[in-house]
Amino acid sequence: MSDLSHSSPAAPAARFRSPTDEAPLARWLLIAFVTVALAVLVFAPLIAVFVEALSKGWEAAWKSLISREALPAIKLTLTVAAIAVPLNAAFGIAAAWFITKFDFRGKAFLITLIDLPFSVSPVVAGLCIVLLFGANTAIGSWLVGNGFPIVFALPGIVLATVFVTFPFVARELIPVMIEQGRAEEEAALTLGASGWRTFLTVTLPNIRWALLYGVLLSNARAMGEFGAVAVVSGRRESATTMPLKIEMFYNEYQAAAAFSMAGLLAFLALLTLLLKTWLENRHAGELSANRRGH
Amino acid sequence: MGRPLVYKSPMPGLGLSMGITFTMLSIVVLLPIGALLLQGVNYGAEGVWATVNRERVWKALYLSFRLSFYAALFNLIFGVILAWVLARYRFPGHRILDAAVDLPFALPTAVAGIALTALYAPNGFFGASWTKTIAPALNAGLEYPEAALNALIMGLGFEPWTLQVPPRIAYSTLGIFIALVFVGLPFVARTVQPVIHEIEREVEEASATLGASRFHTLRRVIWPMLLPAALTGFALSLARAVGEYGSVIFIAGNKPLVTEIAPLLIVIQLEEFSYDGAAAIGIAMLVISFAMLLVINLIQVWSRRRIGYV
């Protein structure tokens, strides 16, 4: 690493300042500024969630989480994530395989389309799904007639969740698979391995950490999505996920219940960050996060 | 005759991977967005315009895009500083700060929304001191500059301008700004940080050898290298802020014409079963967003070409 020179605490460094370092005072001021700013912007809200959630004690927080109102929301969120995240992973793997193992025209355009959900407001995403599958549309009324409503029900929430998390896995896998090239797969195929065997024994081990990373990000977003899900759920009690339940509690002046559920989601977010940091430290070479930029 | 659509390849799984890709892309992304555009087409250009061209809608769109721009600008500057400190300096607590930058990605927006509201409400931890001491002090200090400015502005024949800060953070535009800063915080830092890691020290050493001061090196050598990535982060942060709903509706107070954001108007239209109205506002948001992203992309191409790589 090239930053050995400025991080070593050797004695002469006190007198000799490298020409590629800032003045010590400027450096400490910058560090202090960043620390204070992050404390106010990021740590304070996080602490506020836990303080408010536990304001009436652990027992009260726990009781509000296992209450008849809260439990179905927790179950629904877990169900939605359990369906949406694997769908996303399957799409991400297929799209990354198609994009990196084959040459075709319009590849850049396809990647732009996959990234499109990032630049669409989640509320607009929910609106799009309502306009396509709502009961007043041709497809929607046919589906409702056949006993399979999408909007205001589980399928719509899953669809909205897949929309907002759509690019996560694909974006993570594509750079890694481009870097790894096709030689290993070609060797396996030449030696007579079938396509599936090549994928399972050659490709998958190479991309597993990047896949896990993408799944992790996608799961965090899936469990926390608010805007898109709020629109497709239509505020039905039966289609209320955890984030929506937070809003309901909050608007009903049940602040303690709202914050306990928020605390649970914040705890999951911290867990996600911990895993993510671990992945970045242990498997940095196998992730795309460190190769972006160019 | 011409290039083939898909080049021949010995790789297996073309049909399967292409099939899954296009099927899911169509069902999840293309058909729903198509349905939105179709609704707009059926409603007609006049209908869309009549919906958008109302004071309440204009005010909401203006509020959303203006505050998103300010928040993305704040994140652009703060994100570059943050990336620099995290990439170049080693200090106690470095790893915790590095991990904390990603918290806004991981924390659900509804959680962020109620947490920020609790902190910045007039009786909250930060909100109380703002309402009791900071805002009155600021406003008292701003009285004279405001009077002087308005004497000038009104002398030129314009409407008077206010410099006064709102007495509350939550339930005012300041609160919306803070929520938008929070959700967009990681984008610039995370796109700029890898670029800083890749800068070769030799470039800075060469600049120092040629007699440039450290500040001069940072401004004329480092900054142009960071600019394209910083602009990418700015665009991502802006797009995120414009569409943000979850964290904002808690802290905004949602007062029509004052603190009502554009995505909320869509939700209100839908609750009134006005699908045409919702589609019209949705299309307006999409059009403005894409126009902005296009401009940022052009600036980016220009800044990349200027420094001569990629």
Side-chain angles (χ1 to χ4, degrees), chain A residues 2 7 19-20 22 27 30-31 34-35 37-38 41-42 44-46 48-49 52 91 94-95 97-98 101-105 113 116-117 119 121-124 127-129 131-132 159 162-163 166 189 195 220 224 226-227 231 243 246-247 250 258 262 265-266 269 272-273 277 290 292-294, chain B residues 5-7 9-14 17-18 20-21 24-25 28-29 31-33 35-36 39 82 85 89-91 97 99-100 102-103 106-112 114-116 118-119 182 194-195 198 201 204-205 208 214 229 239 243 245-246 263 266-267 270 278-279 282 285 289 293 310:
Chain A
S2 58
S7 62
T20 61
E22 287 78 51
R27 166 192 290 239
L30 280 178
I31 292 174
V34 162
T35 309
L38 283 182
L41 285 171
V42 175
L46 187 66
V49 171
E52 294 277 340
F91 166 77
W97 182 271
F98 177 51
K101 303 297 177 197
F102 299 98
D103 295 304
F104 53 90
R105 278 196 273 164
L113 285 182
L116 195 60
S119 36
S121 166
V123 170
V124 175
L127 168 68
C128 290
I129 289 165
L131 291 178
L132 183 64
L159 214 57
V162 175
F163 185 105
F166 203 60
L189 292 167
F226 185 81
V231 171
I246 292 177
E247 190 203 13
Y250 195 79
L265 280 174
T272 305
L273 280 189
T277 310
N290 301 304
R292 277 180 204 135
H294 273 300
Chain B
L5 201 58
V6 181
Y7 289 87
S9 163
M11 284 287 164
L14 173 66
S17 64
M18 190 166 74
I20 295 176
T21 304
M24 279 198 66
L25 188 66
V28 176
V29 180
L31 285 175
I33 292 182
L36 171 72
Q39 186 90 16
L82 190 58
V85 169
Y89 304 160
R90 291 291 171 274
F91 51 92
L97 288 196
D102 282 326
L103 188 76
L107 198 69
T109 52
V111 177
I114 62 168
L116 290 171
L119 281 176
F182 180 85
V195 182
E198 275 178 31
R201 284 282 169 145
E204 292 164 63
E205 283 162 5
R214 185 63 188 152
Y245 176 71
I266 295 179
V267 174
L270 274 177
M285 280 185 67
S289 296
L293 292 181
V310 195

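FYI, side chains are in, hydrogens and waters are out, and symmetry mates aren't considered; it's all heavy atoms of this structure.
Comparing B:Leu270, B:Ile266, B:Ile114 by heavy-atom pairs within less than 4.5 Å of chain A, the highest count is held by B:Ile114. No other option in A:Ala220, A:Ala37, A:Ala269 has as many heavy-atom pairs under 4.5 Å with chain B as A:Ala269. Of all the listed residues (B:Gly282, B:Ala35, B:Pro32, B:Ala208), the one sharing the greatest number of non-hydrogen pairs under 4.5 Å with chain A is B:Pro32. Of all the listed residues (B:Ser9, B:Ser17, B:Ala110), the one sharing the greatest number of non-hydrogen pairs under 4.5 Å with chain A is B:Ser17. Put simply, of A:Ala266, A:Ser121, A:Gly195, the one with the most heavy-atom pairs under 4.5 Å next to chain B is A:Ser121. No other option in B:Ser289, B:Pro10, B:Ala100, B:Ala112 has as many heavy-atom pairs under 4.5 Å with chain A as B:Ala100.
Within the 4.5 angstrom heavy-atom criterion, atoms from both the backbone and the side chain of B:Leu14 approach chain A. When heavy atoms are compared at a cutoff of 4.5 Å, B:Met285 approaches chain A solely by way of its side chain, counted from C-beta outward. Residue A:Leu265 touches chain B through both its backbone and its side chain, counting heavy-atom pairs closer than 4.5 Å. If you measure heavy-atom distances from B:Ala278 to chain A, the contacts under 4.5 Å come from both the backbone and the side chain. Contacts between A:Glu52 and chain B at a heavy-atom distance below 4.5 Å involve the side chain alone, from C-beta outward. Interface remark: B:Gln39 contributes side-chain atoms only to the contact with chain A (heavy atom separation under 4.5 Å). Proximity to chain B is limited to the side chain of A:Ala48, based on heavy atoms less than 4.5 angstrom apart. Looking at A:Pro243, the atoms closer than 4.5 Å to chain B (heavy atoms on both sides) sit in the backbone and in the side chain alike. Contact of A:Leu41 with chain B is made through backbone and side chain together, with heavy-atom distances under 4.5 Å. For A:Phe163, the parts lying under 4.5 angstrom from a heavy atom of chain B are both the backbone and the side chain. Of the atoms belonging to B:Val85, it is side-chain heavy atoms, and not backbone ones, that fall under 4.5 Å from chain A. Contact annotation for A:Phe91: both backbone and side-chain heavy atoms come within less than 4.5 Å of a heavy atom of chain B. Interface remark: B:Leu293 contributes side-chain atoms only to the contact with chain A (heavy atom separation under 4.5 Å).
Considering OH of B:Tyr89 and CD1 of A:Ile31, their distance stands at 7.0 Å, rounded to 0.5 Å. Rounded to the nearest 0.5 Å, atoms CG (B:Leu31) and CG (A:Leu159) are 10.0 Å apart.
Taking a cutoff of 4.0 Å between a charged side-chain nitrogen and a carboxylate oxygen, A:Arg27 and A:Glu22 do not qualify as a salt bridge.
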**Message:** Pair B:Leu36, A:Leu132 - check side chain to side chain contact (heavy atoms under 4.5 Å, CB included), show working.
**Reply:** CA-CA 8 Å; B:Leu36 171 72; A:Leu132 183 64; over 6 Å; no
**Asked** Stepwise, does the side chain to side chain contact (heavy atoms under 4.5 Å, CB included) test hold for A:Val231 with A:Ile129?
**Response** CA-CA 9 Å; A:Val231 171; A:Ile129 289 165; over 6 Å; no
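B:Ala99 and A:Thr277 get closest at one heavy-atom pair: CB-OG1, 3.8 Å.
The side-chain heavy atoms of A:Phe166 and B:Leu25, taken from C-beta on, include a pair separated by under 4.5 Å. A 4.5 Å side-chain heavy-atom check between B:Val6 and A:Asp103 finds every atom pair outside the cut-off. Two residues are said to be in side-chain contact when any heavy atoms from C-beta on lie closer than 4.5 Å; A:Thr35 and B:Leu97 meet this criterion. Inter-residue side-chain proximity for A:Cys128 and A:Leu131 is flagged as unmet; no heavy-atom pair is nearer than 4.5 Å. Using a 4.5 Å cut-off on side-chain heavy atoms (C-beta onward), B:Leu5 and A:Phe104 make no contact.
Aromatic ring centroids of A:Phe226 and B:Tyr245 lie under 6.0 Å apart.
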